[in-house]
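Quick notes on the structure that follows.
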Amino acid sequence: MSQYRNNLDFAEQMDAGDPLADYRAQFHMPQTKQGDDCLYFCGNSLGLQPKALEAAMAQELEDWKKFGVEGHFQAKNPWMPYHEFLSESLAKLVGAKPSEVVAMNSLTVNLHLLMVSFYRPTKTRYKIVIEGQAFPSDQYAVQSQARFHGLDPNAALIELQPRKGENTLRTEDIEALIEREGSSIALIMLGGVNYYTGQLFDMQRITKAGHKQGCVVGFDLAHAAGNVPLQLHHWDVDFACWCSYKYLNAGPGSIAGCFVHARHAENFELPRFCGWWGHDKQTRFQMGPDFHPIPGAEGWQLSNPPILSLVAVKTAIEVFDRVGMQALREKSFKLTGYMEFLLDNLNSDAFTVLTPRDPEQRGAQLSIVVHENGRKVFTALEQQGAICDWRSPDCIRVAPVPLYNSYQDVYQFVMLFARLTGAVDQLREAI
Ligand SMILES: *Cc1c(COP(=O)(O)O)cnc(C)c1O
C-alpha cells in the first residue's frame, strides 16, 4: 500500500505537516491573470525571486550612490572581498572546502576555463566522455575544446548512450566503458543531473572509475546544485561548475560557481587563462607584470565580479544555508514521489515518464513524454497557469521544487495534466 493518497485532503495534510512549508512565503510566486498563484514547476530552468533580494539590492545601490569607488571598502558589504562572503555557503552547498569554490563568470565560461586547465590531451590520451544529447552548451564547449587542440570532435568525443529500449544510463555501463577505453580518455565531463531525463549520476563511482584509469573527472552541476546533496571534495571530483539561476534562485543569468579540488590548489604548472582577480591578493594592486595565482579556486578568477549579481547569489544561497540540503532532499523525495504516484495513478497510455524510478537516481524533476499533441498540452497547461518546460519534440519537464512547491501544487498540476491528456476518465481512488 502506498504512503500516498490520490485526493486533495491528503495533499493538504502533507502541506500542514511539512517542516519546510514556510519557505514558500519567502519567494515571489508568479501570478495568473486572475491574480492566483501559478503552479510553478520551472525551478529547474529559472528559480523564483527571494523576497529578501530587493532590500539587499537596494543596499548595494545605496552604497554605490553614497560612496562611489570607496564602496570597495566602505560599503556595508565591501565589494573588494565580496565574493569571499559566499565561500562558506557555496562550500556547504556542494560539499567542499571554502578554498575549493568561487563564484565567478557564467557557467559555460567556467566550463571552458576549467577545461583549459583540466583537458590536456596527448597523442594517445585525448578523448572526452560526455552524455549523448548533453545540454547543447556543454556539447559545443567540449567540441570546441577538442578543435582548439587540433582534434576532430568526432574522433575525440565519446557520447554515452542508454541501452536499446532504455531511457537512462546505467552506472555499470558507464564504468565498463571507462574501463574499456580508459587509456585513451583524457577527460570525463558529465552533467551531475542530466538536464533532459533528470537522471542523477553516481558521481562518486564515476569519479573512482575515471581516476582508476588515469582520467580527469569533472561535472556540470547546473541541474544538481541546490537540487541534490553533493560531496565534491569527498568524492574526489577534479573540478565542477554550475549556474546559480536554476535551483539556486539567484536570478536570470546570474553569476555561476566553480569547484577545483584542493589537490590542484597549488598546482601552478596547470595551464590556465589568467586575469588580475586571480592574482595574489597581497600584491594585486602593485600592478606588477607577472601573474601569481591565489592558491585554490579563486586563482581561476579573471575579473572583478559584478556585485549586483553577487548580491543575488548571496541572498539566494543563504536560504540554502538555513534550510540545509538534507532537509530539502527529504522533502524532495516525497514531493517528486507524490507526483510520480499521482501520474502512475492515472494509469494512462498518453504519456511516459523518462526519469528514473529510483528516487536515488533523480532529483526534483520528472520528464514526461506526451505521445500525442504534447505541444498542445503544454500550451494549455501554460494558459491555465501551470508553468513547466517544453523540450522538442514531445517532452514536458516538471520540477516540484521542495523549497517553494507544495503538495497541493503537485496535486493540482497532475489533475490539470490529466484533464488535458484525456487521462481524467481513468482517475481512480488509490486504496
Ligand atoms: C542551464 C545549463 C547551461 C546554461 O549555460 P549558461 O552558460 O549558464 O548559459 C549549461 N549546461 C547545462 C548542463 C545546463 O543545464
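When a ligand or atom number is given, it counts from 1 through the structure's own listing order.
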Whether the side chain of Ser244 engages the backbone of Ile255 through a donor-acceptor N/O pair (distance < 3.5 Å, no angle test) should be reported. yes
Would you say Thr108 and Ser137 are linked by a side-chain donor-acceptor pair, where the criterion is simply a distance under 3.5 Å? yes
Numbering the atoms of ligand 1 from 1, which are under 4.0 Å from a heavy atom of Asp220? 11 (N), 12 (C), 13 (C)
Within the 4.0 Å heavy-atom shell around Asp138, which atoms of ligand 1 are there? 10 (C), 11 (N), 12 (C), 13 (C)
Checking side chain to side chain contact (heavy atoms under 4.5 Å, CB included) for the pair Ile178/Ile206: CA distance, chi angles, key distance, verdict? CA-CA 9 Å; Ile178 293 170; Ile206 292 169; 4.2 Å; yes
Under 3.5 Å side-chain donor-acceptor pair for Asp37 and Gln31: yes
When you compare ligand 1 with Ser106, is there at least one nitrogen or oxygen pair between them that comes in under 3.5 angstrom? no
Examine Lys246 against ligand 1 and note whether any of their N/O atoms are separated by less than 3.5 Å. yes
Thr108 heavy atoms within 4.0 Å reach ligand 1 at atoms 5 (O), 6 (P), 7 (O)
Distance from atom 3 (C) of ligand 1 to nearest protein heavy atom, with residue and atom: Phe135 CE2, 3.3 Å
Using a 4.0 Å cut-off to any heavy atom of His223, which atoms of ligand 1 qualify? 15 (O)
If we number the atoms of ligand 1 from 1 as shown, the ones under 4.0 Å from a heavy atom of Tyr245 are 1 (C), 4 (C), 5 (O), 6 (P), 8 (O), 9 (O)
Strictly by modelled atom types, are Asn167 and Thr197 linked by a side-chain donor-acceptor pair under 3.5 Å? no
Asp238 and His211: side-chain donor and acceptor closer than 3.5 Å? yes
